[in-house]
Amino acid sequence: MAGGLIALAEAQKRLLALATTKPANSVGLLEANGHILAEPLIARRSQPAADLSAMDGYAVRAVDLPGPWTVIGESAAGRPFDGAMGAGEAIRISTGAIVPADADAVVVQEDTGIDGATLTLTGDGPARPGAHIRRAGHDFTEGALLAEAGTRVDARLIALAAMAGHGTLSVHAPVRVTILSTGDELVAPGTPLPSPAHIPASNGIMLSAMLQGLPVDITMPPLLPDRLDIIAAALADHRDADIIVTTGGASVGDHDLIQPALLQSGGTLDFWRMAMRPGKPVMVGRMGDAIVLGLPGNPVSSYVTALLLLLPLVRTFAGYQHVLPDISQARAGTTFPANGTRQDFMRAQIDGGRLFPVSSQDSGALSSLHAADALVVRAAHQPEAAPGDLLDYIALRSGA
């Protein structure tokens, strides 16, 4: 700790220990999209269930190559040939159709000529027995493990589950998140500002946008003024949420009312203030069933602490196996100064695979946050980094 401040790693550990994974529900495949599997996905059938043709052409016996053959029937997708093949006979076959039991190769249509019922080989033909045939169970077999519990459901997994015989999936229930924005200076986005003392409220919609794509049910009440009784009542009203996130009012000024409001409404405080920059005035507590996460009001501080605390907390509730941001490495493109007593998360851009700090590191500068590709992670008391030194960073853009 630095001067009584809690380190980020310890804060994450204590915060995530408060969360309990949401219970499992069986829901339809489309409804499961974006949620996390609560149980392993096991195949209920084999795919394909029978040998299928991979091409349009003719099913033949390899011993009869190079032909000619007499075409005696057809096997189409959903309408298999149900007779028997003899020597020198062929079956017209479509892609995805069942290969007749007596056939062991498919001659592609482009390598053949047809005159009435007589089929001749005009090209190279199949190179070997089994050519152009998808064998039964080639993709997966009944009873196979297709996805572990903890896997995020997406379009690919939904298609796999459907093909494996599932119409529903067992997933963790959505995480209920309430976002409370406090401050007399705040005005709803797009609303004319009454005076230069007012600012648009950006944190609530920013946090809501950060949670998009996660399995959450978000409640965002109207903006709250700096009144202890109103903030305390709002906290109490949302005590049944899984997470109450507040922005603003988490510091020590006369108008920083989140902590006293929490205590007045019957909540409890777990810890307050972290040894990180930006984001020092973070508060964590309990209000009924809800975990209360008080984030700073400065928008960059709110974003960084949400990335490091709120998103991991939601992922823990939702059943993710990996909840913390991924740490990557790249070389410094310029000098990064020695760090002080708090862990620092510096906004940076990636150019030519190297990291360069953005011009402004002010915690209220949203333009520099938007311009950044990464947050460079600088440990407390870390010495100056010279150009070419390896730096840890968290990517802010996909592919960064």
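Just so you know, residue 1 is the first one in the sequence shown, and it goes up from there.
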Verify the cluster assignment for Leu52 and Val107: are they in a single hydrophobic cluster under the rule of side-chain heavy atoms below 4.5 Å apart? no

Can you tell me which residue pairs pass the salt bridge (charged side-chain N to carboxylate O under 4.0 Å, His left out) test with a partner in residues 343-354, sequence neighbours excluded? Arg277-Asp344

Qualifying residue, where the test is side-chain contact (heavy atoms from CB on, under 4.5 Å) with Leu186 and the options are Asp226, Ile199, Thr191: Ile199

Give me the atom names and distance for the closest heavy-atom approach of Asn203 to Gly297. ND2-O, 2.8 Å

Under the criterion side chain to side chain contact (heavy atoms under 4.5 Å, CB included), I'd like the reasoning laid out for Ile327 against Tyr393: C-alpha separation, chi angles, the key distance, then a yes or no. CA-CA 6 Å; Ile327 302 294; Tyr393 74 91; over 6 Å; no

Quick one: list whatever passes side-chain contact (heavy atoms from CB on, under 4.5 Å) with Met210, sequence neighbours left out. Met206, Leu207, Tyr303, Ala306, Leu307, Leu311

For Gln47, side-chain contact (heavy atoms from CB on, under 4.5 Å) partners two or more places apart: Arg45, Asp139, Phe140, Met163

With a 4.5 Å heavy-atom cut-off, do Gln361 and Met346 have their side chains touching? yes

Carefully, step by step, assess Val245 and Leu295 under the rule side chain to side chain contact (heavy atoms under 4.5 Å, CB included). CA-CA 7 Å; Val245 189; Leu295 302 183; 3.7 Å; yes

Distance-only donor-acceptor hits, side chain of residues 29-37, under 3.5 Å, sequence neighbours excluded:
unit_1 : atom_1 : unit_2 : atom_2 : d
His35  : ND1    : His172 : O      : 3.1

Under 3.5 Å donor-acceptor pairs involving side-chain atoms of residues 15-25, not counting sequence neighbours:
unit_1 : atom_1 : unit_2 : atom_2 : d
Lys22  : NZ     : Asp242 : OD1    : 3.3
Lys22  : NZ     : Asp242 : OD2    : 2.9

Pairs touching residues 98-114 that satisfy salt bridge (charged side-chain N to carboxylate O under 4.0 Å, His left out), sequence neighbours left out: none

Identify whether Leu324 and Leu308 are in the same connected component of the hydrophobic contact network (ILVMFWY, side-chain heavy atoms under 4.5 Å). yes

Would you say His166's side chain and Ile42's backbone share a donor-acceptor pair under 3.5 angstrom? yes

Just by modelled atom types, is the Val284 backbone N or O under 3.5 Å from a matching donor or acceptor in the Asp270 side chain? no

Would a 4.5 Å heavy-atom cut-off, applied to side chains only, mark Leu235 and Ser265 as touching? yes

Nearest atoms (heavy-atom pairs only) where Val314 meets Val177: CG2-CG2, 4.2 Å

Please check this pair: side chain of Ser75 against backbone of Val99, looking for a donor-acceptor N/O pair closer than 3.5 Å. no

So do Pro48 and Ile98 actually touch side chain to side chain, heavy atoms under 4.5 Å? no

I'd like to know if the side chain of Gln264 and the backbone of Ala261 have a donor-acceptor N/O pair within less than 3.5 Å. no

Stepwise, does the side chain to side chain contact (heavy atoms under 4.5 Å, CB included) test hold for Leu257 with Thr182? CA-CA 9 Å; Leu257 302 175; Thr182 68; over 6 Å; no

Closest approach of Ile258 and Gly248, non-hydrogen atoms and distance? CG1-O, 3.2 Å

Qualifying residues under side-chain contact (heavy atoms from CB on, under 4.5 Å), relative to Asp362, sequence neighbours excluded: Ser360, Ala365

Here the side-chain hydrogen bond (donor to acceptor under 3.5 Å, both in side chains) pairs for residues 81-97, sequence neighbours left out, are Asp56-Thr95, Arg92-Gln109

With sequence neighbours excluded, residues passing salt bridge (Lys or Arg N to Asp or Glu O under 4.0 Å) with Arg61: Asp64

So CG of Leu366 and OG of Ser202: to nearest 0.5 Å the spacing works out to 5.0 Å

Smallest separation among heavy atoms of Asn298 and Ser363, with atom names: ND2-OG, 3.1 Å

Listed by chain and number, what are the side-chain contact (heavy atoms from CB on, under 4.5 Å) partners of Arg135, not counting sequence neighbours? Asp51, Ile133

Between Asn339 and Ala379, which heavy-atom pair has the shortest distance, and what is it? ND2-O, 2.9 Å

Could you walk me through whether Phe345 and Leu8 pass the side chain to side chain contact (heavy atoms under 4.5 Å, CB included) check? CA-CA 11 Å; Phe345 293 84; Leu8 173 62; 3.5 Å; yes

Checking Arg342 side chain against Met276 main chain: does a donor-acceptor pair fall under 3.5 Å? yes

Can you name the salt bridge (Lys or Arg N to Asp or Glu O under 4.0 Å) partners of Asp154, sequence neighbours left out? Arg156

Linked, directly or transitively: Ile93 and Leu65 (ILVMFWY side chains, under 4.5 Å): no

When rounded to the nearest 0.5 angstrom, what is the spacing between CG in Leu369 and OG in Ser301? 10.0 Å

With heavy-atom distances below 4.5 Å as the criterion, would you say the side chains of Val171 and Glu39 are in contact? no

Decide whether Met55 and Trp69 are clustered together by the hydrophobic rule: side chain heavy atoms of Ile, Leu, Val, Met, Phe, Trp, Tyr closer than 4.5 Å, transitively. no

Return each pair, listed once, that meets salt bridge (charged side-chain N to carboxylate O under 4.0 Å, His left out) where at least one residue sits in residues 301-326; pairs must be two or more places apart or across chains. none

Within the 4.5 Å heavy-atom criterion, are Thr335 and Pro387 side-chain neighbours or not? yes

Ser46 side chain to Glu142 backbone, donor-acceptor under 3.5 Å: yes

Quick check for you: to the nearest 0.5 Å, what is the distance between His238 atom NE2 and Thr246 atom OG1? 12.5 Å

Connected via hydrophobic side-chain network under 4.5 Å: Leu214 and Ile218: yes

Residues Arg378 and Phe336: closest non-hydrogen pair is NH2-O, 3.7 Å

Can a donor-acceptor pair be found, under 3.5 Å and without considering hydrogens, that links the side chain of Thr151 to the backbone of Ala147? no

Do Ile91 and Val71 touch side chain to side chain, with heavy atoms closer than 4.5 Å? no

Where the side chain of Asp373 meets the backbone of Ile350, is there a donor-acceptor pair that is under 3.5 Å apart? yes

Value rounded to 0.5 Å, distance of CD in Gln259 from CZ in Arg273: 10.0 Å

One should read off an interatomic distance between Thr305 OG1 and Leu293 CG, to the nearest 0.5 angstrom, of 7.0 Å

So Val292 and Met283, do their side chains get closer than 4.5 Å, heavy atoms only? yes

Could you tell me whether the side chains of His198 and Ser195 share a donor-acceptor contact shorter than 3.5 Å? yes

Backbone of Ala371 reached by a side-chain donor or acceptor of Gln349 within 3.5 Å: yes

Please examine the side chains of Leu119 and Thr70, heavy atoms only from C-beta on, and report whether any two atoms are closer than 4.5 Å. no

Examine distances only and state if a side-chain atom of Arg128 and a backbone atom of Ala62 form a donor-acceptor pair shorter than 3.5 Å. no

